[in-house]
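To start, the structure itself, in structure tokens.
All ligand and atom numbering here is 1-based and tracks the order in the structure. None of the values given here were measured: they were computed from a predicted structure.
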Amino acid sequence: MNADKFVPQHSALFEFRPYQRRFAKPLITHHGVWDTREGIILRLVDEAGKIGWGEIAPISWFGSETLEQALDFCRQLPNQITSEMILAIPDCLPACQFGFESAIARVRSWEGVENNFTCSGLLSAGEVALQQWKTLWEKGYRTFKWKIGVDAIAKELAIFDTLIHSLPPSAKLRLDANGGLSYAEAKLWLETCDNIQGELPIEIEFLEQPLAVAELAKMLELSRFYRTAIALDESVATLPQIISCYQQGWRGIFVIKPAIVGSPSKLHQFCQQHEIDAVFSSVFETEIGKQAALNLAVKLSRKHRAVGFGVDHFFAQAEVTNPENLWNNL
Ligand SMILES: O=C(O)CCC(=O)C1=CC=C[C@@H](O)[C@@H]1C(=O)O
Ligand SMILES: [Mg+2]
């Protein structure tokens, strides 16, 4: 895809600084226990002295590069980089593609992106969700995503029943299994969701990544059989995976994590050629990566789905939102 028409021809001096942000409590998913978000902040300054901020926020267990691979890539770059060099970043470094391309595209100014997205609040796995949603509701959230595929299915189904009967009718609930269910468990969850929506007014918006990435054929089959929608996340983590799933017939929901998807301009091109039902999702990045991700979502989203960026409550400290202050604290 010839993306250079999307990236202004530019060159800039660049610096990079790694960062770490501990979660208030480790995030537990089927992938395991995640206690610290690590990433890299990029600071590009062009010949006119204009600054462009970017962020590299890998999730290697989703298929992006590791933090170490991203750091190695940054270390081997000259300190003067051009848009041609950025467009040549290989597909095996999707978080670097996103970080550098966002930075050079924003070298002009740092205005926060205007968006009127509604936001989904993330609920931790297990019973803690039964209290967590109330705090988020008071903050204005009306869509929630609950992590499943962690405890035994019988226990999670029991919590689900309590949760679904305590949520107000206007709430929307998403479930995210991170590929942790067996085929039989996925069918049981989908059957339960279909049945409960026949009894209660609440909407179960989708079941995210019920099966492992390798099980696309089975998820395609399940998507044709149950009313409750299925969303792919890990299966479509990078642009090549999005294209592959689309080519294999997936027309359900694509959960796109812009920070690890790869080149924003190449994703933009794909979304211009193919109407996909996309939900944009956080990778627990800082405000720098979040603004770049939402900037992309504003362009690509058909806006009828909440964005999955309600994750600030997973961190102990309130976030430093001003890029300069964030940079100076590293
Ligand atoms: O998408 C959301 O609503 C919030 C972000 C989120 O759920 C995730 C971000 C990064 C890794 C995962 O733990 C998780 C996910 O699987 O979507
Ligand atoms: Mg997910």
Side-chain angles (χ1 to χ4, degrees), residues 21-39 55-67 94-95 98 117-126 128-129 132-133 136 139 141-150 171-181 186 189 204-213 215 219 229-238 241-242 245 250 252-261 277-287 289-290 293-294 296-297 301 305-315 319:
R21 274 186 92 198
R22 283 190 69 78
F23 290 117
K25 290 199 188 76
L27 177 70
I28 300 171
T29 73
H30 181 70
H31 291 292
V33 179
W34 187 10
D35 57 23
T36 304
R37 162 30 97 204
E38 297 181 288
E55 179 173 354
I56 300 172
I59 308 186
S60 57
W61 54 97
F62 266 60
S64 84
E65 65 272 51
T66 63
L67 177 75
F98 179 80
F117 287 121
T118 50
C119 197
S120 168
L122 187 62
L123 303 178
S124 307
V128 63
Q132 224 173 16
W133 76 263
L136 294 174
K139 290 181 178 172
Y141 287 94
R142 295 297 178 265
T143 299
F144 304 91
K145 186 170 89 170
W146 182 42
K147 287 287 177 191
I148 61 170
V150 175
K172 282 187 184 180
L173 183 63
R174 298 167 173 179
L175 301 171
D176 186 354
N178 290 102
L181 303 177
W189 270 107
I204 298 167
E205 192 178 353
F206 54 71
L207 172 57
E208 188 172 309
Q209 199 70 39
L211 303 180
V213 169
E215 306 286 1
M219 289 188 281
I230 293 174
L232 299 184
D233 181 8
E234 287 87 339
S235 291
V236 295
T238 62
Q241 286 174 281
I242 292 174
C245 285
W250 185 259
I253 300 165
F254 291 74
V255 176
I256 295 178
K257 291 176 166 44
I260 58 170
V261 80
D277 186 354
V279 168
F280 291 85
S281 168
S282 165
V283 296
F284 297 94
E285 61 276 88
T286 74
E287 190 67 16
K290 177 181 172 182
L294 290 178
L296 193 56
S301 164
R305 296 194 186 279
V307 290
F309 281 81
V311 299
D312 293 349
H313 54 290
F314 277 80
F315 291 106
E319 181 172 12

- Shortest-distance N/O/S atom, Glu208 versus the Mg ion (ligand 2): OE2
- Does the ring of Phe315 carry Arg21 above it, NZ/CZ under 6.0 angstrom from centre and within 45° of its axis? yes
- Message: I need the contact residues for ligand 1: any residue with a non-hydrogen atom closer than 4.0 Å to the ligand, ordered by chain then number.
- Response: Leu27, Thr29, Ile59, Phe62, Leu122, Lys145, Lys147, Asp176, Asn178, Glu208, Asp233, Lys257, Ser281, Ser282, Phe284, Gly308, Val311
- In Asp176, which N, O or S atom comes closest to the Mg ion (ligand 2)? OD2
- Under a 4.0 Å N-O cut-off, is there an ion pair linking Asp35 with Lys25? no
- Taking the six-membered ring for Trp and the single ring otherwise, decide whether the centroids of Phe23 and Phe284 are under 6.0 Å apart. yes
- Query: Side chains of Ile230 and Phe206: does their closest heavy-atom pair fall under 4.5 Å?
  - Reply: no
- Query: Can the ring centres of Trp61 and Trp34 be said to be less than 6.0 Å apart?
  - Reply: yes
- Message: Could you identify the N, O or S atom of Asp233 positioned closest to the Mg ion (ligand 2)?
- Response: OD2
- Message: Minimum heavy-atom separation for Cys119 and Ala306, please, with both atom names.
- Response: C-CB, 4.0 Å
- Item | NZ/NE/NH1/NH2 to OD/OE distance under 4.0 Å, Arg174 and Glu208 | no
